[in-house]
Amino acid sequence: MQNGPAVRRRKLGAELRALRTGASLTSGEAARLVGWHQSKVSRIETGASGVKPADVRLLLDAYGVVDGQLRELLMVLAGSDDVGGRHHWWHAYRGVLPPAYRDFISLESQACAMRTLETSVVPGLLQTPEYARAVTRAAVSGFDDAEERLDALVRVRLVRQDVLRSQPPLKLSAVLDEAVLRREVGGPDVMARQLERLVEAARLPQVRLQVLPFAAGAHIGITGPFVIFSFPSTSDLDVVVLDHLTSSLYLERKEDLQAYSEAFNTLRIHALSTEESLDYIAGIADGA
């Protein structure tokens with residue numbers, strides 16, 4: 001388990017190595033093409049050192065990579081601030097966003113699919129402004145600029161939701177423990193609107209919501225929530241994110257990805273169907 005930047009370096013290096021091999025180049029030949037020493041190519045490919053976005057662009061050109069989507073993703077992994085002419089909007093909030101949260105947003109912005117188990121709160125991409133404010137308030141209560149920080153974090157949460165409206169949109173598959181629906185966040189009125197929002201979201205073609213009712217008993221996800229990001233062009237960049245109070249841990253090994261993917265599939269089997277879940281949420285909303 002590693003932090004976000006370390007995972008990105010390793011994944012970027014592995015993908016660059018695969019592209020070099022696909023271009024039938026040795027590391028020495030690649031280095032000569034871009035005017036470097038062979039050791040620099042080796043360090044980049046093993047993730048031992050970081051790499052500048054400009055250097056990644058040089059390597060992609062040398063390897064003849066023309067897939068625009070893949071180039072953009074690899075540039076993001078290299079930390080590019082401006083990909084395809086689009087400035088990364090979250091950089092404007094560096095003063096209030098912890099590095100781990102910025103890493104999470106950068107991955108989310110480039111992912112094509114997201115699978116998540118939530119056991120306590122509604123997924124951030126589906127929160128109403130009022131619910132987001134109520135959830136976030138507890139996290140900033142100890143800061144001197146709590147209200148200003150709260151406003152900024154809520155704005156970030158809402159802007160993040162644009163990934164569900166982009167073209168193509170992020171495909172979101174979420175399993176929600178019933179506790180998410182029963183926990184009254186922000187008071188009855190805020191919770192009632194939030195449940196209505198979930199019903200609306202469940203009808204979107206890019207969103208798949210399933211409820212894991214209390215009646216299901218103990219389940220494989222009872223130890224905590226997790227997120228699995230999948231990316232276009234290559235599955236080798238997929239990653240599992242475990243969120244903690246002060247940091248996020250990233251699992252990148254194939255064994256970890258397989259274990260969490262299987263766990264998510266098991267959760268979906270034991271959860272209510274999408275149609276049953278929509279009715280279940282609506283029923284709780286009627287009594288909220």
Side-chain angles (χ1 to χ4, degrees), residues 1-2 4 7 100-101 103-105 107-109 111-128 131-132 135-136 139 157 160-161 163-164 169-185 191 194-195 197-199 201-204 206-231 235 237-281 284:
M1 292 185 289
Q2 304 179 57
V7 167
Y101 193 15
D103 291 334
F104 185 91
I105 295 173
L107 291 173
E108 182 181 73
S109 70
C112 63
M114 174 179 174
R115 288 167 285 172
T116 181
L117 166 69
E118 291 292 349
T119 59
S120 299
V121 298
V122 170
L125 296 181
L126 302 178
Q127 293 178 7
T128 65
Y131 185 98
V135 166
T136 307
R157 184 69 52 87
R160 277 178 52 204
Q161 297 176 2
V163 295
L164 294 176
L170 175 76
K171 294 181 180 178
L172 173 64
S173 181
V175 173
L176 309 182
D177 189 279
E178 185 172 343
V180 172
L181 310 176
R182 298 289 184 182
R183 178 171 288 103
E184 190 174 281
V185 173
M191 199 62 204
Q194 179 59 70
L195 292 174
R197 167 68 180 129
L198 285 178
V199 172
R203 296 194 175 104
L204 296 173
Q206 67 270 35
V207 176
R208 181 186 180 95
L209 288 185
Q210 290 182 258
V211 174
L212 197 62
F214 289 145
H219 54 78
I220 195 169
I222 205 165
T223 55
F226 60 84
V227 172
I228 307 173
F229 283 124
S230 296
F231 296 90
S235 63
L237 298 175
D238 292 359
V239 64
V240 177
V241 184
L242 306 178
D243 207 19
H244 296 268
L245 181 62
T246 58
S247 65
S248 295
L249 295 177
Y250 294 72
L251 287 71
E252 59 170 333
R253 297 185 310 162
K254 290 186 181 296
E255 309 93 278
D256 295 325
L257 287 165
Q258 181 177 352
Y260 275 88
S261 294
E262 291 176 354
F264 190 78
N265 291 337
T266 299
L267 290 167
R268 286 183 54 186
I269 291 172
H270 290 287
L272 301 176
S273 70
T274 54
E275 295 78 10
E276 292 170 333
S277 297
L278 195 152
D279 292 339
Y280 204 80
I281 297 171
I284 295 176

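Quick caveat, the model's predicted, so the values are computed rather than measured.
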Novice: Could you give the distance from CD (E276) to CG (D279), rounded to the nearest 0.5 Å?
Specialist: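 So the CD of E276 and the CG of D279 are separated by 8.0 Å.
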Novice: Might you point out which heavy atoms bring L278 and A202 nearest each other, and give the distance in Å?
Specialist: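 Heavy atoms of L278 and A202 come nearest at CD1-CB, 4.0 Å.
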Novice: Do L107 and Y250 have side-chain heavy atoms sitting under 4.5 Å apart?
Specialist: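 Touching, per the 4.5 Å side-chain cut-off.
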Novice: Please give me the minimum heavy-atom distance between T128 and Q194, naming the atom from each residue.
Specialist: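 Taking every non-hydrogen atom into account, N-OE1, 2.8 Å.
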Novice: Report the distance from atom OG1 of T136 to atom CD of Q127, rounding to the nearest 0.5 Å.
Specialist: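 Separation between the atoms: 6.5 Å.
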Novice: Less than 4.5 Å apart, any side-chain heavy atom of L181 and any of L198?
Specialist: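 In short, these two side chains touch, coming nearer than 4.5 Å.
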Novice: Give the minimum heavy-atom separation between D238 and F231, together with the two atoms involved.
Specialist: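 Shortest heavy-atom contact: OD1-N, 3.1 Å.
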Novice: How long is the straight-line distance from CG of L209 back to CG of L272, given to the nearest 0.5 Å?
Specialist: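 So the CG of L272 and the CG of L209 are separated by 12.0 Å.
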Novice: What distance separates L204 CG from L126 CG, expressed to the nearest 0.5 Å?
Specialist: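 Interatomic distance, L204 CG to L126 CG, rounded to 0.5 Å: 8.5 Å.
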Novice: Show the nearest heavy-atom pair for residues G124 and Q161, with the distance to one decimal.
Specialist: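 Of all heavy-atom pairs spanning G124 and Q161, the closest is O-NE2, 3.1 Å.
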Novice: Between the main-chain N or O of V211 and the side-chain N or O of Y280, is there a donor-acceptor pair closer than 3.5 Å?
Specialist: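 Not confirmed, Y280 side chain does not pair with V211 backbone.
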Novice: At what distance, to the nearest 0.5 angstrom, does CZ of F264 lie from CD1 of I269?
Specialist: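 So the CZ of F264 and the CD1 of I269 are separated by 11.5 Å.
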Novice: Show the nearest heavy-atom pair for residues L251 and Y260, with the distance to one decimal.
Specialist: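 Heavy atoms of L251 and Y260 come nearest at CD2-CE1, 3.8 Å.
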Novice: Would you check if the side chain of E184 reaches a backbone N or O of M191 as a donor-acceptor pair within less than 3.5 Å?
Specialist: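 Not at all, since once roles are kept as given, no pair shorter than 3.5 Å links the two residues.
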Novice: Do T274 and Q210 touch side chain to side chain, with heavy atoms closer than 4.5 Å?
Specialist: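 In short, these two side chains touch, coming nearer than 4.5 Å.
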Novice: Restricting to non-hydrogen atoms, name the atom on R160 and the atom on L125 that form the minimum distance, rounded to 0.1 Å.
Specialist: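 In this case the closest contact between R160 and L125 is O-CD2, 3.5 Å.
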Novice: Can we call the ring centroids of F229 and F104 under 6.0 Å apart?
Specialist: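 Yes: the rings meet the under 6.0 Å criterion.
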Novice: Any side-chain heavy atom of V240 sitting closer than 4.5 Å to one from S261?
Specialist: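 Result no, sub-4.5 Å side-chain heavy-atom pair not found.
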Novice: Keeping T119 on the side-chain end and L176 on the backbone end, is there a donor-acceptor pair under 3.5 Å?
Specialist: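 Not at all, since once roles are kept as given, no pair shorter than 3.5 Å links the two residues.
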Novice: Is there a side-chain contact (heavy atoms from CB on, under 4.5 Å) between R182 and F214 once you walk through the steps?
Specialist: CA-CA 10 Å; R182 298 289 184 182; F214 289 145; 4.0 Å; yes
Novice: Could you measure the distance from the OG atom of S173 to the CG atom of L117? Nearest 0.5 Å is fine.
Specialist: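 One finds 11.0 Å between OG of S173 and CG of L117.
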Novice: Side chains of V163 and L172: closer than 4.5 Å at any heavy-atom pair?
Specialist: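 A side-chain contact under 4.5 Å is absent here.
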